[in-house]
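Since the structure comes first, as structure tokens, the remarks are kept for the end.
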Number of protein chains: 2
Amino acid sequence: MGRPTMNDVARHAGVSLKTVSRVVNGETSVSADLAARVQAAVDMLHYRPNIGASMLRRADRRTRTIAVLLEDVGNPFSSSLHRAVEDEARTRGVQVLTGSLDEDPQRERELARVFTMRRADGLIIAPASTDQAYLATEVQQDTPVVFVDRPANGFPGDCVIATNVTGATEAVRHLVAHGHRRIAHLGDYARIPTARSRHQGYLAALAEAGLAVEPDLIVQDLHDEAAAESATMTLYARPDPPTALFTSQNLVTVGAVRALRRLRLHRAVAVVGFDDFPLADLLEPAVTVVAQDPALMGRTAARALFERIDGATGAPREFWIPTSLIRRGSGELPPSRSLRDAIAL
Amino acid sequence: MGRPTMNDVARHAGVSLKTVSRVVNGETSVSADLAARVQAAVDMLHYRPNIGASMLRRADRRTRTIAVLLEDVGNPFSSSLHRAVEDEARTRGVQVLTGSLDEDPQRERELARVFTMRRADGLIIAPASTDQAYLATEVQQDTPVVFVDRPANGFPGDCVIATNVTGATEAVRHLVAHGHRRIAHLGDYARIPTARSRHQGYLAALAEAGLAVEPDLIVQDLHDEAAAESATMTLYARPDPPTALFTSQNLVTVGAVRALRRLRLHRAVAVVGFDDFPLADLLEPAVTVVAQDPALMGRTAARALFERIDGATGAPREFWIPTSLIRRGSGELPPSRSLRDAIAL
DNA sequence: CTGTTAGCGCTTTCAA
DNA sequence: TTGAAAGCGCTAACAG
């Protein structure tokens with residue numbers, strides 16, 4: 001009394017179950033006559049094959065499902081990436097399961113297990129944990145995993161990562177070129193690999209310019225707007241504040257911009273942010289950023305995954321997705337000679 | 001040579017397959033001794049149940065999967081909604097399949113069919129088409145469908161919709177209260193139900209204020225920033241332009257703001273937008289909006305769906321999600337007496 | 001408490 | 001070209 005089955009169709013069409021299977025799967029070795037009768041029965045009963053059941057017996061054992069584990073399907077970076085994966089999957093008739101990790105390593109394991117029980121053909125993971133060795137026992141040998149946004153440890157898989165170090169270096173070099181000597185770095189959780197790379201790029205640019213590292217100008221473990229805003233306020237309560245900020249993530253960038261607004265320093269302090277965000281060009285001054293390309297990252301990850309699913313072998317590959325500096329104004333402000341006066345206002 | 005099966009576990013533990021099934025499913029009627037042996041074998045073989053296979057024979061025939069059809073999983077509205085659905089699903093151990101419709105009715109049907117073949121336990125659809133009668137033959141009687149953001153036609157299902165008409169009326173009433181008499185409406189594709197409702201709300205507010213409808217001040221079928229920007233430019237090339245804009249969607253709002261910037265009218269023309277967007281509060285002037293609550297819409301839709309999946313019967317319900325006017329500055333600008341002079345600049 | 005048998009909806013294998 | 005039988009991994013129904 002539930003959905004009609006292949007057997008129901010066979011009975012209605014007066015053919016064997018196997019003939020229905022052939023028609024449904026588009027095999028050509030069925031006479032036109034029988035095929036038509038089967039099709040008529042399919043239409044009349046509104047038969048829809050149960051692909052979960054077919055996968056059980058099918059030789060390739062594919063579920064035509066992939067799973068994507070992201071930081072948060074609701075944030076702009078993750079959701080752009082998700083959309084790009086969907087588009088690649090769609091051309092192949094593959095469905096996409098998603099889950100949000102919220103920087104929780106535990107959740108990463110849980111979801112890897114859940115999607116394994118669903119027999120996803122492959123996984124795309126933006127790791128929240130620092131060690132993916134657990135995947136060895138969690139996923140099957142022949143289930144490919146592609147890592148995106150952050151590198152993996154302890155498990156072989158293709159890897160799609162933005163050029164975080166060089167992007168950050170370029171950002172800070174840009175500030176140096178505009179005359180800045182005291183450049184602060186506002187970073188995300190220090191345990192996040194991308195945050196570390198961006199920090200590393202910052203240090204490299206300072207070294208390159210022969211500038212000393214001032215630990216007081218480096219604030220880490222900022223993960224949301226509020227934290228970034230208050231860290232910036234604190235920075236500008238100091239006697240000798242920086243003339244420029246390099247922020248390592250868009251929520252941090254926005255938090256810093258908010259603080260500068262409150263302090264009325266938004267036209268006095270230069271800012272370059274890592275990762276672009278909507279409307280950055282409409283702020284005053286418009287925000288200079290090192291833009292990532294989440295859609296390209298998603299597309300690249302999906303294509304790599306499907307190549308592996310289709311049987312590609314060989315050592316894990318690294319795909320480096322270039323970042324690009326977008327000059328909009330905030331990063332081109334010269335160092336203010338009178339920051340303390342401005343603050344006094 | 002693939003994944004270990006329940007049979008492999010049974011052999012290793014020296015018990016029957018059914019005993020393994022009991023342990024794996026947490027049934028208590030197994031002696032501690034056997035349960036421990038089974039668990040040991042599970043751990044040693046890294047056994048993971050194939051829930052696709054179990055669903056085939058299980059009495060409730062649930063896949064513990066729901067499908068969500070959205071406009072575009074990459075846009076802020078859809079992705080916030082998606083995230084809220086995920087959170088509800090997670091508490092129930094249910095996985096979420098998603099798909100983007102891109103305003104394509106054909107795609108809506110396709111995806112409904114695909115997810116039916118996956119035997120999703122229920123569907124959440126933000127309709128792209130105007131008629132959902134096709135669902136009658138596409139989904140099973142007992143597969144609940146909940147519609148979100150836009151109403152359904154021709155198919156019974158709970159419906160979760162923002163108060164578009166009253167929200168739009170409130171927006172325009174707000175502009176009227178600030179002295180505006182010539183208020184333009186920039187709307188999305190006229191075929192989109194939410195766009196029509198917002199247009200209707202606009203008309204209601206004008207009528208309430210005793211203002212005549214000026215067809216020249218109504219521009220429809222704007223779906224992206226570029227279209228909205230050029231429509232706004234055109235509007236201000238007219239001899240007698242409006243002193244305020246009511247924009248019906250956030251891309252349209254942003255396009256209009258861009259145009260006003262270019263015309264240097266952003267402090268002269270009042271703007272209220274429908275639907276909030278990130279950083280609206282950081283623009284100058286900050287943008288007054290009628291905010292929707294996509295997360296609440298997603299949560300409400302998911303809860304309604306799970307109630308139906310859990311057997312709730314009764315007539316389709318309507319859940320009206322309230323909008324809220326957020327005053328930020330752009331909507332509180334008074335009518336400019338010298339718009340033409342300002343434009344002349 | 002434990003096991004045996006049947007069968008979910010489908011594809012495979014093999015025979016006609 | 002068509003179909004019968006077996007079986008994918010699992011749970012239900014029923015025995016012991």
Side-chain angles (χ1 to χ4, degrees), chain A residues 1-39 41-42 45-65 116-121 140 142, chain B residues 1-39 41-42 45-65 116-121 140 142:
Chain A
M1 196 42 282
R3 281 215 155 262
T5 70
M6 216 170 237
N7 240 318
D8 298 327
V9 176
R11 210 171 310 120
H12 270 254
V15 298
S16 80
L17 179 138
K18 178 65 220 191
T19 298
V20 178
S21 172
R22 289 194 174 99
V23 173
V24 166
N25 289 290
E27 293 175 33
T28 51
S29 60
V30 180
S31 72
D33 172 44
L34 284 195
R37 265 158 60 197
V38 167
Q39 193 53 56
V42 164
L45 297 173
H46 307 301
Y47 169 73
R48 299 289 175 265
N50 182 330
I51 59 184
S54 80
M55 163 271 187
L56 254 187
R57 195 67 174 84
R58 207 177 273 279
D60 65 9
R61 312 224 92 266
R62 295 278 162 76
T63 55
R64 303 198 73 73
T65 303
T116 290
M117 301 200 306
R118 304 248 136 154
R119 298 299 189 265
D121 297 332
Q140 188 64 358
D142 61 356
Chain B
M1 196 43 279
R3 283 215 154 263
T5 70
M6 215 171 236
N7 241 317
D8 298 327
V9 176
R11 210 171 309 120
H12 270 255
V15 298
S16 79
L17 180 132
K18 180 66 217 188
T19 299
V20 177
S21 171
R22 289 192 174 101
V23 173
V24 166
N25 289 288
E27 292 177 35
T28 51
S29 60
V30 179
S31 72
D33 172 43
L34 284 195
R37 264 161 59 199
V38 168
Q39 192 55 54
V42 164
L45 297 174
H46 307 302
Y47 169 73
R48 299 289 175 266
N50 181 330
I51 59 183
S54 80
M55 161 273 187
L56 255 188
R57 196 65 174 87
R58 208 178 272 279
D60 64 10
R61 316 224 81 229
R62 295 278 162 75
T63 55
R64 304 199 73 73
T65 302
T116 290
M117 301 200 307
R118 304 251 149 175
R119 299 300 189 264
D121 298 333
Q140 189 63 356
D142 61 356

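Quick note on labels: first sequence line is chain A, next is B, and so on, each numbered from 1.
- Qualifying salt bridge (charged side-chain N to carboxylate O under 4.0 Å, His left out) partners for Arg118(A), counting only residues two or more places apart in sequence or in other chains: none.
- Residues Leu45(A) and His12(A) meet the side-chain proximity criterion, which asks for heavy atoms closer than 4.5 Å.
- To the nearest 0.5 Å, the span separating CE on Met55(A) from CG on Asn50(A) amounts to 11.5 Å.
- Each end of the helix from dC1(C)-dG16(D) to dA16(C)-dT1(D) yields a helix axis from five base pairs, and these two axes differ in direction by 30° (to the nearest 10 degrees).
- Here CZ of Arg61(A) is found 10.5 Å from CD of Gln140(A). Values are rounded to the nearest 0.5 Å.
- Positionally, the nearest nucleotide of DNA chain C for Gly14(B) lies more toward the 5' end than for the other of Gly14(B) and Ala53(A).
- OP1 and OP2 of dC10(D) both lie 4.0 Å or more from every side-chain N or O belonging to Ser54(B).
- Residues Arg48(B) and Arg119(A) form a side-chain contact, since some pair of their non-hydrogen atoms from C-beta on lies under 4.5 Å apart.
- In this structure, Arg22(B) contributes its side chain and Thr28(B) its backbone to no donor-acceptor pair below 3.5 Å.
- If you check every strand for non-hydrogen atoms under 4.0 Å, Arg22(A) touches a base.
- Nucleotide dC8(D) holds its C1' atom 13 Å from the CG atom of Asp8(B), rounded to whole Å.
- Side-chain atoms of Leu56(A) lie closest to dG9(D) of the nucleotides dG3(D), dA12(D), dG9(D).
- Within the 4.5 Å cutoff, no side-chain heavy atoms of Ile51(B) are placed close to those of Arg64(B).
- Residue-level contact check: Ile51(A) touches neither bases nor backbone, having no heavy atom under 4.0 Å from any strand.
- Phosphate proximity of dT2(D) to Ser31(A): present, with a side-chain N or O under 4.0 Å from OP1 or OP2.
- Arg37(A) has its CZ atom 13 Å from the C1' atom of dT1(D), to the nearest Å.
- Nucleotides of DNA chain D nearest to Val15(A) and Asp60(B) differ in position, and the one nearer the 5' end is that of Val15(A).
- Residue Arg61(B) contributes atom CZ, which lies 12 Å from atom C1' of dC10(D) at whole-angstrom precision.
- Rounded to whole Å, atom C1' of dA12(D) lies 12 Å from atom CG of Asn25(B).
- Counting to the nearest Å, the P atom of dT1(D) and the CG atom of Asp33(A) are 14 Å from each other.
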Could you walk me through whether Asn25(A) and Arg58(A) satisfy the side-chain contact (heavy atoms from CB on, under 4.5 Å) test, starting with their C-alpha distance in whole Å, then the side-chain angles of each, then the deciding distance to 0.1 Å, before giving a yes or no? CA-CA 12 Å; Asn25(A) 289 290; Arg58(A) 207 177 273 279; 3.4 Å; yes
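- Once you apply a 4.0 Å limit to the heavy atoms of chain B, the touched nucleotides of DNA chain C run 5' to 3' over dC1(C) to dG9(C).
- To the nearest 0.5 angstrom, Met117(A) atom CE is 9.5 Å from Tyr47(B) atom OH.
- OP1 or OP2 of dG3(D) sits under 4.0 Å from a side-chain N or O of Thr19(A).
- One interatomic measurement links the two molecules: CE of Met55(A) to P of dC8(D), which rounds to 13 Å at whole-angstrom precision.
- Within the 4.0 Å cut-off from OP1 or OP2 of dG9(D), not a single side-chain nitrogen or oxygen of Asn7(B) is found.
- Of the two residues contacting DNA chain C, namely Thr5(A) and Thr28(B), the nearest-nucleotide position lying further toward the 5' end is that of Thr28(B).
- Considering CG of Leu17(B) and CG of Asp8(B), their distance stands at 10.0 Å, rounded to 0.5 Å.
- Residue Arg3(B) contributes atom CZ, which lies 13 Å from atom C1' of dG9(D) at whole-angstrom precision.
- Rounded to whole angstrom, the span from the NZ atom of Lys18(B) across to the P atom of dG16(D) amounts to 17 Å.
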